[in-house]
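Everything on this sheet refers to the single structure shown next.
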Amino acid sequence: LARKLSLRTATATAASSAASSTAMRRATGAVVFAKRQRLNLLRTANGPLARQLLGELMLSPEPLERHELVHATLWVSQYGHVDLARQCLQEMSRRAMRPSLDAHNAVLKALALQHKWSTATHVLLRMEQHELEPDATSYAAVLRSTRGRPGSARFGRRLLEEAEGEGGVGAAAGSDG
């Protein structure tokens, strides 16, 4: 009798464990599905919806992977949501993920369209701090961001000199306020 009872208990425990495991997989699958839905919506979202979706993705129990953060940065940058794009870059940095040149260049291009040269220069400096080599696209975007600003020609010359030299953009960035 004790043996039959023990066998029933073991069978019930195994069944309960299997059901629990299945429920856990379903819950995890639902979270992953929800994350994918939000990422797909973020591709075309604009305004408050983009902010809400990115906020939900950042707080998701299933953290965004590097490639997902890169894509999110590209998508929100194309709509000019520089603050959201920089939030993605900061999240990558916070989680010690390898920085992405494409993501940084997308942010720089968005900043150039908004003529935010000071912020663009800051992003360029952060790239160097993260040992991410800016390319011609990076420098061109920063130069475009200065268009129409007093002293932009002088700043551009210094930026190009620094880009060609070994010193980076540090000296140029601090020179033209």
Open item on the list: Could you check whether any side-chain heavy atom of His104 comes within less than 4.5 Å of a side-chain heavy atom of Pro134, counting everything from C-beta outward?
Closed with: no
Open item on the list: Given 3.5 Å as the limit, does a donor-acceptor pair link the side chain of Ser60 with the main chain of Leu57, or not?
Closed with: no
Task: Heavy-atom pair of closest approach, residues Ala112 and Arg144 - done: CB-CB, 3.9 Å
TODO: For Arg98 and Arg66, work out which heavy atoms get closest and say how close.
DONE: O-NE, 2.7 Å
TODO: First locate atom CG of Asn40, then atom CH2 of Trp75, and finally report the distance between them rounded to the nearest 0.5 Å.
DONE: 6.5 Å
TODO: For side-chain contact (heavy atoms from CB on, under 4.5 Å), just list the numbers for Val32 and Arg36, CA-CA rounded to whole Å, side-chain angles, deciding distance to a tenth of an Å, and then say yes or no.
DONE: CA-CA 6 Å; Val32 170; Arg36 286 188 185 143; 3.7 Å; yes
Anything under 3.5 Å between a donor and an acceptor, one on a side chain of residues 47-54, the other on a protein residue two or more places apart or in another chain? List them.
unit_1	atom_1	unit_2	atom_2	d
Arg51	NH1	Asp83	OD2	2.9
Arg51	NH2	Asp83	OD2	3.0
Gln52	NE2	Glu56	OE2	3.0

Task: Neighbour count >12 (heavy atoms, 6.0 Å) for atom NZ, Lys109 - done: no
Open item on the list: Could you tell me if the side chain of Thr44 sits less than 4.5 Å from the side chain of Tyr79, heavy atoms only?
Closed with: yes
Task: Rounded distance (nearest 0.5 Å) linking atom NE2 of His71 with atom CD of Glu68 - done: 8.5 Å
TODO: Taking the side chain as every heavy atom from C-beta outward, state whether Leu69 and Met58 have any atom pair closer than 4.5 Å.
DONE: yes
TODO: Please confirm whether the backbone N or O of Ser77 pairs with a side-chain atom of His81, one donor and one acceptor, at under 3.5 Å?
DONE: no
Open item on the list: Could you report the tightest heavy-atom contact between Ser100 and Val70, atom names first, then the distance?
Closed with: CB-CG2, 3.6 Å
Task: Separation between CG of Asn46 and CD of Gln78, rounded to the nearest 0.5 Å - done: 9.5 Å
- [ ] Supply the atom-to-atom distance Cys88 SG to Leu74 CG, rounded to the nearest 0.5 angstrom.
- [x] 9.5 Å
Open item on the list: As an exercise, state the distance from CG of Asn105 to OH of Tyr139, rounded to the nearest 0.5 Å.
Closed with: 10.5 Å
TODO: Report the distance from atom CE of Met127 to atom CG of Leu101, rounding to the nearest 0.5 Å.
DONE: 5.0 Å
Task: Test item: Ser93 side-chain N/O and Leu89 main-chain N/O as donor-acceptor pair under 3.5 Å - done: no
Task: Side-chain heavy atoms of Met97 within contact of Glu91, under 4.5 Å - done: no
Task: Minimal non-hydrogen separation, Leu111 against Ser145, with atom names - done: O-CB, 4.2 Å
Open item on the list: Determine whether a donor-acceptor pair (N or O, by modelled atom type, separation under 3.5 Å) exists between the side chain of Arg95 and the backbone of Leu64.
Closed with: yes
TODO: Using a 4.5 Å cut-off on heavy atoms from C-beta on, say whether the side chain of Arg126 contacts that of Gln129.
DONE: yes
Task: Minimum-distance pair of heavy atoms, taken over all atoms of Met92 and Pro99 - done: CE-CA, 4.2 Å
- [ ] Using modelled atom types only, decide if a donor and an acceptor are shared between the side chain of Arg86 and the backbone of Val107 within a distance under 3.5 Å.
- [x] no
